[in-house]
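Accompanying notes for the structure given below.
Below, chain A is the first sequence line, B the second, and so on; all start at residue 1.
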Amino acid sequence: MFDRIADALELKGEAIFRVNAYRRAARIMRDLTEDVEQVRSEGRLLDIPGVGEGTGKKIEEYLNTGEMRKYAEVTRGINEELLDMLSIQGLGPKTLKLAHDSLGVNGLEDLKKVIEDGTLQELPRMGVKKVENIRRGIELFERSKGRIPLGVALPIAERVMEALSGERSVKHMSAAGSLRRMVETVGDIDILAAGSRGGEIIEAFTRMPSVTDVLAAGDTRGSVLIDGETQVDMRVVKTSEYGAALQYFTGSKAHNVKLRGMAGTMGMKLSEYGVFRGEKRIAGKTEEDVYRALGLPFIPPELREDRGEIEAAQENRLPDLVLFEDVVGDLHVHSNYSDGADSIEKLAQAAASSGLEYIAICDHSKSAQYAGGIDEGVLRSQMEEIERINRKVRPFRVLKGIEVDILKDGTLDLADEILDQLDIVVASVHMGFRQNVTGRMVRAMENPRVKVICHPTGRLISRREGYDVDLDTVMETAASTGTALEINAYFDRLDLNDVNVKKARDMGVLFSIGTDSHSVETLWYRALGVGVARRGWLRKKDLLNCLSADQVASLRK
DNA sequence: GCCGTTTTCGGCCCGACTGTTTTCAGTCG
């Protein structure tokens, strides 16, 4: 509702600072991991930075009545669709308001009509090119399916950088933006390069075979569509400005705004060209230099969300974040014993060559019939095969595991006797998403054999909300029983997500990264899991995957 | 609307590009 108020106020031409205050409040509410009712009942609403008198009262009003008068007032007479249209590229609030007020545009079809019949172009400060830009913006708006999952965007970014790596004048290159911060979905892909011949680099960029549309191309900036749908923006800067540019283009916006404010109060100025004191440029070549000039240690990109990282940096208490190389095991892999595509041996070899020390084969249990779940007998023969394979692939190790179903009464799908023979047991809810999920998970965690609860919310990024589950209770029980919660790294799950990981970590919960791979193709999703872990402020000691195979196999709760 | 090492009013991040204009408004990131 705060986001919608911001949209509506912006459209009405309200002061941008007020609009931004609402956007900030919306972001803060979205990031809040505590129950807002609880915060209110303890009288702490106004303790939340960014929530003042006004928004605090509105939150109270909403909690009491389920309504917000301000929201009703500012959205009166404005179509929801009109507010959505603010995200059309090339069409901002001023133009949209003008079209609304003087031409009666109240939706996408109206706008197309006034473009067609030429009346839009007759408005003040409108011309042929502007209208054409808006027309293209509409095309893109209708074509793009919204945000791209990180797991889809990362390989595209890598392909682009690979294609440009041969350009001789390129000195540095990196993904930037939300992709570099490892946000679970990204709006577009940003690539930054440092080099002397910007024009040539951009030209090579626009000539890549996968490019279907060139949206812009100049000496310092280019923008294209890959395969007709994914927007990639490329920027080229001077080597001396690369650090400041990378810092700037990585964002997040909220992080940068706060940093720039800080720079101001310290008598400096921060821009994408560097840190300045008066006319004098005092940093900019590397990101480390930029942060140092502001009196801060380097803040890893995954933390740059203005969720307390700047304050932590000032007080020198940034977490020592887990590194990709620290994660030496994948604790959730399916084989062709259930619904996976590849043999255990093939998975082991692929995992070994990707730098892992071990994987845990955790196929589905018998109740998951749709997934070819296995019973006690098949599991026994799988354990024998794993022993044979382990003799072949040493020092790599395959752990004997199972992804056991948590049944509708909270009991497990396989008997304790066989679970006792495994190296690791992970447990999942795969049925009855609305049926006492919390109680069932708690009961499963109370079983000392269960080391991990998989995908604790059950959400699918592209299409499903997740279970009816009380995460606070799950986290408390996980902490008290020593059960790890999974960071399921499958690209459409990423479950738990970043904010919940941070919250659970602060409660003393342990974590386990599992790719939930059903073939060798997705073992690389571990990188996505590490991204979520780092965004959740995790250290090496918070993850089971940083233990050795022996340590994992001998875990006791 | 929020907030305070410029502290209860008066600021609020910074710069580039585009297209429309004769000095700048709108949009974007």
Side-chain angles (χ1 to χ4, degrees), chain A residues 2 5-6 9-11 13-28 45-59 70 74 85-99 121-134 136-137 140 176-179 186-192 198 215-223 231-237 241 244-276 284 290 294-295 306 310 314:
Chain A
F2 285 150
I5 291 174
L9 289 180
E10 187 169 27
L11 198 56
E14 180 66 79
I16 194 65
F17 303 112
R18 183 168 294 179
V19 172
N20 286 339
Y22 276 107
R23 288 213 200 288
R24 184 156 170 237
R27 180 176 64 83
I28 287 160
L45 274 181
L46 298 192
D47 295 347
I48 303 173
V51 177
E53 195 91 5
T55 41
K57 279 219 175 78
K58 291 183 183 76
I59 295 169
K70 178 78 174 181
V74 297
M85 288 160 66
L86 283 168
S87 58
I88 294 173
Q89 283 194 34
L91 176 70
K94 296 287 184 344
T95 312
L96 192 54
K97 176 175 164 54
L98 194 62
Q121 203 183 307
E122 286 164 17
L123 295 176
R125 297 197 69 87
M126 270 295 157
V128 178
K129 289 196 169 176
K130 261 200 164 166
V131 171
E132 173 56 19
N133 258 341
I134 294 170
R136 297 217 315 189
L140 205 63
S178 47
L179 188 91
V186 303
D188 61 12
I189 295 172
D190 296 301
I191 308 282
L192 179 71
L215 305 174
D219 282 344
T220 63
R221 179 191 285 185
S223 187
Q231 183 168 338
V232 183
D233 292 342
M234 173 96 207
R235 288 184 179 73
V236 184
V237 299
E241 295 163 349
L246 186 57
Q247 195 288 322
Y248 168 66
F249 288 117
T250 296
S252 67
K253 184 167 180 142
H255 175 90
N256 285 354
V257 166
K258 189 168 261 186
L259 275 193
R260 288 178 175 200
M262 255 180 69
T265 60
M266 293 165 77
M268 293 183 277
K269 187 185 68 172
L270 171 62
S271 79
E272 56 264 53
Y273 299 106
V275 183
F276 298 84
V290 170
L294 299 173
D306 188 23
I310 293 174
Q314 284 172 320

Please classify the nucleic acid contact of [X] as base, sugar-phosphate, or nothing, using heavy-atom distances under 4.0 Å.
X: A/Leu259; answer: nothing
X: A/Lys57; answer: nothing
X: A/Gly90; answer: sugar-phosphate
X: A/Arg235; answer: sugar-phosphate
X: A/Leu98; answer: nothing

**Test item: A/Arg136 side-chain N/O and A/Gly90 main-chain N/O as donor-acceptor pair under 3.5 Å** =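 No, A/Arg136 side chain to A/Gly90 backbone: no donor-acceptor pair under 3.5 Å.
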
**Request:** Spell out, as yes or no, whether a donor-acceptor pair under 3.5 Å connects the side chain of A/Asp219 to the backbone of A/Gly198.
**Result:**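 No: the side chain of A/Asp219 does not pair with the backbone of A/Gly198.
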
**Message:** Looking at every heavy atom in both A/Tyr22 and A/Ala6, which two are closest together, and how far apart are they?
**Reply:** CB-CB, 3.9 Å

**Minimum-distance nucleotide (side-chain atoms of A/Pro49 versus B/dT27, B/dC3, B/dG29)** = B/dC3

**Message:** With nearest nucleotide decided by heavy atoms, which residue, A/Asp190 or A/Arg24, maps closer to the 5′ end of DNA chain B?
**Reply:**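 On the 5' side of the pair lies A/Arg24.
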
Integer angstrom distance from the [atom1] of [N] to that of [M]:
N: B/dC12; M: B/dT18; atom1: P; result: 27 Å
N: B/dG10; M: B/dG15; atom1: P; result: 25 Å
N: B/dG19; M: B/dG11; atom1: P; result: 35 Å
N: B/dC13; M: B/dC17; atom1: P; result: 22 Å
N: B/dT8; M: B/dC3; atom1: P; result: 16 Å
N: B/dG26; M: B/dT20; atom1: C1'; result: 10 Å

**Message:** Taking A/Lys97 first and then A/Glu14, would you say they form a salt bridge - that is, a charged N and a carboxylate O separated by under 4.0 Å?
**Reply:** no

How many angstroms lie between [atom1] in [X] and [atom2] in [Y], if you round to the nearest 0.5 Å?
X: A/Tyr248; Y: A/Lys253; atom1: OH; atom2: NZ; answer: 7.5 Å
X: A/Met268; Y: A/Leu259; atom1: CE; atom2: CG; answer: 10.5 Å
X: A/Glu241; Y: A/Leu192; atom1: CD; atom2: CG; answer: 10.5 Å

**Prompt:** According to the Watson-Crick and G-U wobble definitions, with both distances under 3.5 Å, which nucleotide is paired to B/dG1?
**Reply:** B/dC12

**Request:** Whole angstrom is fine here: how far is it from CG in A/Leu215 over to P in B/dC28?
**Result:**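 In whole Å, B/dC28 P and A/Leu215 CG are 13 Å from each other.
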
**Complete:** When rounded to whole Å, the NZ to P distance for the pair A/Lys97 and B/dA25 reads 17 Å

**Request:** Do nucleotides 13-20 of chain B as a string where each nucleotide becomes B, S or -: B if the base has a protein heavy atom under 4.0 Å, S if just the sugar-phosphate does, - if no protein is that close.
**Result:** BBSS--BS

